[in-house]
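All remarks here apply to the structure that follows.
Counting begins at 1 with the first residue of the sequence.
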Amino acid sequence: MAGAKRYVPNDSTSKQAQTFSVKKRTWLLYIFLFPLFLAVIIAIIKIDIKAFILNGVAFGLFFASARLSSFGLDNEQAYHASNLTKAPKVPYKFIASIILGIATLWSASFAGGESILEGLFLGILATAGYIMYYGIDPRADKLSNVDNISADFAIETLNEANAKLDKIKVKTKEVKDFELHKRLIETLKRADEIIKKLQDEPKDIRTARKFLITYIDGIENVVNSYTKLDEKLITNETKLDLQNLLGDVEKNFESELYKLKKDGQFDLDVHMDVLREHVKSDLNK
């Protein structure tokens, strides 16, 4: 987004994200590239410079529209998968729709020989069809349930945690020891669960931030130090100590996750008690 991209991976638990990813495809736009590619090749074979330039520009415009659409749809999928995010800063889909219209106009009137009026009509039709099928870029920020903390603070914290986790996950692939690799994966899963919980309940971010960032930083430092060494030279005792350490970290993550869920249970109990009092009051009237 720029902004909404990669603080959450493609969230398979989000029905909205699943529906979006199934319905929105960019492959239709790439269909236009095939005949234009052939036209460019034919122009090269015939050494027709004018046709090469005209068809080459058309190819470039359609390709740009397709690529920008991919960026826009990726951003929108990340937007729908998150409960706390800002709208994309760059309206990639809108830009793609305009470029598609220009590409259609160029292909029809300049490369295809049709009148400007006909090309303009087809260009407007292409842009309108794109918007009708793919929709417009999200424009509203999703900043609900933030309560007494800054939305920017909440988003920054989650983005920071996710960015660190992504780096650790990449480094984890370099760990060849099976048991240690497995322990790292399980520990990171717990961290992901905490972040998902904080996305749903951003009001808890302030209390969980220090815990989360501190532990993730610690894991990152350990993994980075481990992967810099020749794994064959690391003693089994050191590997076992590291496994035990990560086991303790995982337990602390589970404890923190329990506290976050317990806090949600507490809020539910309070609201139920208030509703119960209202019911009793009305029945006694």
Side-chain angles (χ1 to χ4, degrees), residues 1-14 16-17 71-72 74-90 92 137-138 140-175 181 183-228 242 245-246 248-261 263-264:
M1 266 178 238
K5 168 101 179 82
R6 252 288 327 139
Y7 91 68
V8 213
N10 189 3
D11 184 3
S12 60
T13 63
S14 171
Q16 196 173 16
F71 295 148
D74 285 344
N75 285 345
E76 189 171 0
Q77 185 169 356
Y79 174 88
H80 285 301
S82 176
N83 293 323
L84 179 67
T85 186
K86 290 188 174 182
K89 293 180 181 179
V90 181
Y92 285 115
D137 301 271
D141 295 338
K142 296 168 67 177
L143 306 174
S144 59
N145 298 323
V146 180
D147 289 347
N148 62 336
I149 67 171
S150 164
D152 288 335
F153 171 80
I155 293 174
E156 180 184 352
T157 299
L158 292 172
N159 283 341
E160 181 183 355
N162 269 311
K164 289 180 181 293
L165 281 178
D166 284 346
K167 291 180 181 179
I168 298 172
K169 289 173 182 176
V170 171
K171 278 291 183 180
T172 298
K173 296 177 182 179
E174 300 178 20
V175 178
H181 184 271
R183 177 61 67 185
L184 273 169
I185 295 298
E186 291 301 318
T187 303
L188 295 177
K189 282 182 180 179
R190 297 295 174 270
D192 282 332
E193 289 177 11
I194 292 177
I195 292 177
K196 179 62 174 66
K197 180 62 179 176
L198 292 175
Q199 290 167 11
D200 295 334
E201 296 292 340
K203 64 183 179 63
D204 296 321
I205 285 178
R206 189 179 296 280
T207 57
R209 183 182 188 279
K210 183 177 180 180
F211 173 89
L212 190 60
I213 299 299
T214 300
Y215 272 79
I216 291 178
D217 280 342
I219 296 172
E220 183 179 25
N221 291 334
V222 169
V223 173
N224 285 339
S225 298
Y226 184 91
T227 54
K228 288 179 181 178
L242 186 51
L245 177 59
L246 290 173
D248 291 338
V249 172
E250 185 180 349
K251 289 178 181 177
N252 283 336
F253 276 156
E254 289 176 348
S255 176
E256 184 68 12
L257 186 60
Y258 174 78
K259 290 178 183 177
L260 292 173
K261 291 180 178 179
D263 180 64

Beyond-backbone contact of Glu76 with Asp137, side-chain heavy atoms, under 4.5 angstrom: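 Glu76 does not reach Asp137 side chain to side chain.
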Beyond-backbone contact of Leu165 with Ile219, side-chain heavy atoms, under 4.5 angstrom: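 Leu165 does not reach Ile219 side chain to side chain.
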Contacts of Asp248 that satisfy salt bridge (Lys or Arg N to Asp or Glu O under 4.0 Å) - sequence neighbours left out: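 Result, salt bridge (Lys or Arg N to Asp or Glu O under 4.0 Å) vs Asp248: none returned.
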Glu156: salt bridge (Lys or Arg N to Asp or Glu O under 4.0 Å) partners, not counting sequence neighbours: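 Listed in chain order: nothing, the list is empty.
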Cationic N near anionic O, under 4.0 Å, Glu250 to Arg183: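 Yes, this pair counts.
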Salt bridge present between Lys196 and Glu193 (N-O < 4.0 angstrom):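 No salt bridge links Lys196 with Glu193.
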For the [atom1] atom of [X] and the [atom2] atom of [Y], what is their distance to the nearest 0.5 Å?
{"X": "Glu160", "Y": "Asp217", "atom1": "CD", "atom2": "CG", "result": "7.0 Å"}
{"X": "Ile185", "Y": "Ile168", "atom1": "CD1", "atom2": "CD1", "result": "11.0 Å"}
{"X": "Lys228", "Y": "Lys171", "atom1": "NZ", "atom2": "NZ", "result": "7.5 Å"}

Ring pair (Phe, Tyr, Trp, His ring centres under 6.0 Å) partners for Phe71, two or more places apart: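 Listed in chain order: Tyr92.
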Would you name the heavy atoms of [X] and [Y] that are closest together and state the gap between them?
{"X": "Pro138", "Y": "Pro88", "answer": "O-CD, 3.5 Å"}
{"X": "Thr172", "Y": "Val223", "answer": "N-CG1, 4.4 Å"}
{"X": "Thr187", "Y": "Leu246", "answer": "OG1-O, 3.5 Å"}
{"X": "Glu220", "Y": "Lys164", "answer": "OE1-NZ, 4.0 Å"}

